[in-house]
Asker: 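Structure in structure tokens, see below.
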Amino acid sequence: MAGARAAAATSPGSSSSSGNPPPREPGLGELLEEFSRTQYRAKDCSGAGGSKVERIEKRCLELFGRDYCYSVIQNVNGDICGHYPQHIVFLEYESSEKEKDTFQSTVQVSKLQDLVNRSKTARCRGRFVCPVILFRGKHICRSATLAGWGELYGRTGYNYIFSGGADDAWADAEDITEEDCALRSSDTHLFDKVRGYDIKLLRYLSVKYICDLMVENKKVKFGMNVTSSEKVDKAQRYADFTLLSIPYPGCEFFKEYKDRDYMAEGLIFNWKQDYVDAPLSIPDFLTCSLNIDWSQYQSWDLVQQTQNYLKLLLSIINSDGWAHPHIPEAC
């Protein structure tokens with residue numbers, strides 16, 4: 001893949017036959033360095049550091065173009081999500097140079113961008129469902145978890161005020177589908193509406209599996225539910241998807257990993273903490289061929305837990321069925 005090629009070209013251990021290191025391929029090295037040192041905000045890309053970010057993004061698009069035909073969702077100044085790139089890549093399929101001239105888009109970018117705009121408030125910090133890896137025609141997506149009522153109502157109130165008081169931030173009057181009319185005619189509340197659009201986006205991306213890594217059913221901050229898992233949605237809106245609860249320690253736990261000088265062996269998460277209430281739950285048909293005793297997951301150290309979860313995810317991705325896993329993060 002393009003990334004693998006670039007990584008090989010920039011590997012510090014590689015050398016040419018003359019004994020001199022090969023020329024570094026610009027882009028990925030800068031990206032990793034920038035990522036490790038600064039917090040990314042799309043709206044800051046127009047400032048002094050904007051030229052560097054734009055150069056990195058342009059290079060990444062060039063690398064994607066080596067192996068894929070792709071479309072781009074525009075996110076200039078972070079208008080859709082302030083934490084995503086200004087040009088969000090949607091990989092459509094692998095291609096060779098000979099196929100580039102015969103490329104025909106398999107997705108309606110305008111429809112995809114419209115679904116993104118409508119659904120972005122459904123998830124924490126506006127981090128909507130976004131495809132990030134394409135493998136054998138299957139999209140592996142990522143996103144934040146579902147926004148709780150505090151953030152949801154706060155964001156929609158903010159949008160209402162700064163959109164001039166429009167009564168609908170998601171749809172223009174001339175762009176109302178039959179399904180939208182049904183939603184409006186019924187007495188559904190805000191959660192029904194925004195999560196309905198989130199589900200539309202998931203279906204448009206052909207997502208079948210949702211792999212939930214949260215160790216809690218709902219994340220609580222200052223007494224308020226700030227995020228919620230699909231598996232505890234009271235209205236069972238996500239019942240048509242295959243939901244996997246595979247609790248994995250969050251970023252707070254990885255401070256212990258750092259404090260141990262990045263030694264993961266023997267590092268076990270404390271599952272008895274008060275806020276941990278999401279048990280591991282995986283449909284039997286996904287585990288029968290893996291030869292793993294999942295009942296022991298709370299005794300695994302970080303290495304074994306990561307290995308077993310990866311085995312599970314890879315088995316889903318490699319399955320013959322048309323599976324598009326989606327992996328939400330806990331924000």
Asker: Would you say the side-chain atoms of Y297 pair up with the backbone N or O of N308, donor to acceptor, closer than 3.5 Å?
Answerer: no
Asker: Check whether any side-chain N or O of D114 sits under 3.5 Å from a backbone N or O of S110 as a donor-acceptor pair, and report yes or no.
Answerer: no
Asker: Can you see which heavy atom on D212 is nearest to which on K231, and at what distance?
Answerer: OD2-NZ, 2.6 Å
Asker: Determine, using ring centers only, whether W300 and W294 are less than 6.0 Å apart.
Answerer: yes
Asker: Between the side chains of R195 and E230, is the shortest nitrogen-to-carboxylate-oxygen separation below 4.0 Å, so that they form an ion pair?
Answerer: no
Asker: Let's go through Y262 and Y257 carefully: what are the C-alpha distance in whole Å and the side-chain angles of both, what is the deciding distance for ring pair (Phe, Tyr, Trp, His ring centres under 6.0 Å) to 0.1 Å, and is it a yes or a no?
Answerer: CA-CA 5 Å; Y262 302 100; Y257 174 56; 5.4 Å; yes
Asker: Grab the two heavy atoms, one from C141 and one from P131, that are nearest each other, plus how far apart they are.
Answerer: SG-CA, 3.8 Å
Asker: Run the side chain to side chain contact (heavy atoms under 4.5 Å, CB included) test on I73 and Y84 for me, step by step, so that the C-alpha distance in whole Å, both residues' side-chain angles and the decisive distance to 0.1 Å come before the verdict.
Answerer: CA-CA 11 Å; I73 302 173; Y84 285 1; over 6 Å; no
Asker: Would you name the heavy atoms of A144 and R123 that are closest together and state the gap between them?
Answerer: O-NH1, 2.9 Å
Asker: Are any of the side-chain nitrogens in R203 or D240 under 4.0 Å away from the carboxylate oxygens of its partner?
Answerer: yes
Asker: SG/C211 to CG/L286 distance, rounded to the nearest 0.5 angstrom?
Answerer: 8.5 Å
Asker: Which heavy atom of H87 sits nearest a heavy atom of V72, and at what distance?
Answerer: CB-CG1, 3.7 Å
Asker: Whether the side chain of K120 engages the backbone of C81 through a donor-acceptor N/O pair (distance < 3.5 Å, no angle test) should be reported.
Answerer: no
Asker: Under a 3.5 Å distance rule, please check whether S245 uses its side chain to pair with a backbone N or O of P279 as donor and acceptor.
Answerer: yes
Asker: Does the Q113 side chain pair with the main chain of Q74, one donor and one acceptor, at a distance under 3.5 Å?
Answerer: yes
Asker: For the pair I317 and I133, evaluate side chain to side chain contact (heavy atoms under 4.5 Å, CB included) and give the outcome as yes or no after the intermediate values.
Answerer: CA-CA 11 Å; I317 295 167; I133 298 174; over 6 Å; no
Asker: A side-chain contact here means heavy atoms from C-beta on lying under 4.5 Å apart; do L112 and L205 qualify?
Answerer: yes
Asker: Could you tell me whether a side-chain N or O of D301 sits under 3.5 Å from a main-chain N or O of E265, the two making a donor and an acceptor?
Answerer: no
Asker: Among T242, T287, I292, which residue meets the side chain to side chain contact (heavy atoms under 4.5 Å, CB included) test with I282?
Answerer: T287
Asker: Of all the heavy-atom pairs spanning P249 and V215, show the shortest one and how long it is.
Answerer: N-CG1, 4.1 Å
Asker: When you measure from the side chain of E256 to the backbone N and O of L267, does any donor-acceptor pair fall under 3.5 Å?
Answerer: no
Asker: For P247, is there any backbone N or O sitting under 3.5 Å from a side-chain donor or acceptor partner on Y309?
Answerer: yes
Asker: Would you confirm whether D293, through its side chain, and S295, through its main-chain N or O, come within 3.5 Å as a donor-acceptor pair?
Answerer: yes
Asker: Closer than 3.5 angstrom, by distance alone: can the side chain of D277 be matched with the main-chain N or O of N217 as a donor-acceptor pair?
Answerer: yes
Asker: Can you spot which of F254, F253, Y248 makes a ring pair (Phe, Tyr, Trp, His ring centres under 6.0 Å) with F269?
Answerer: F253
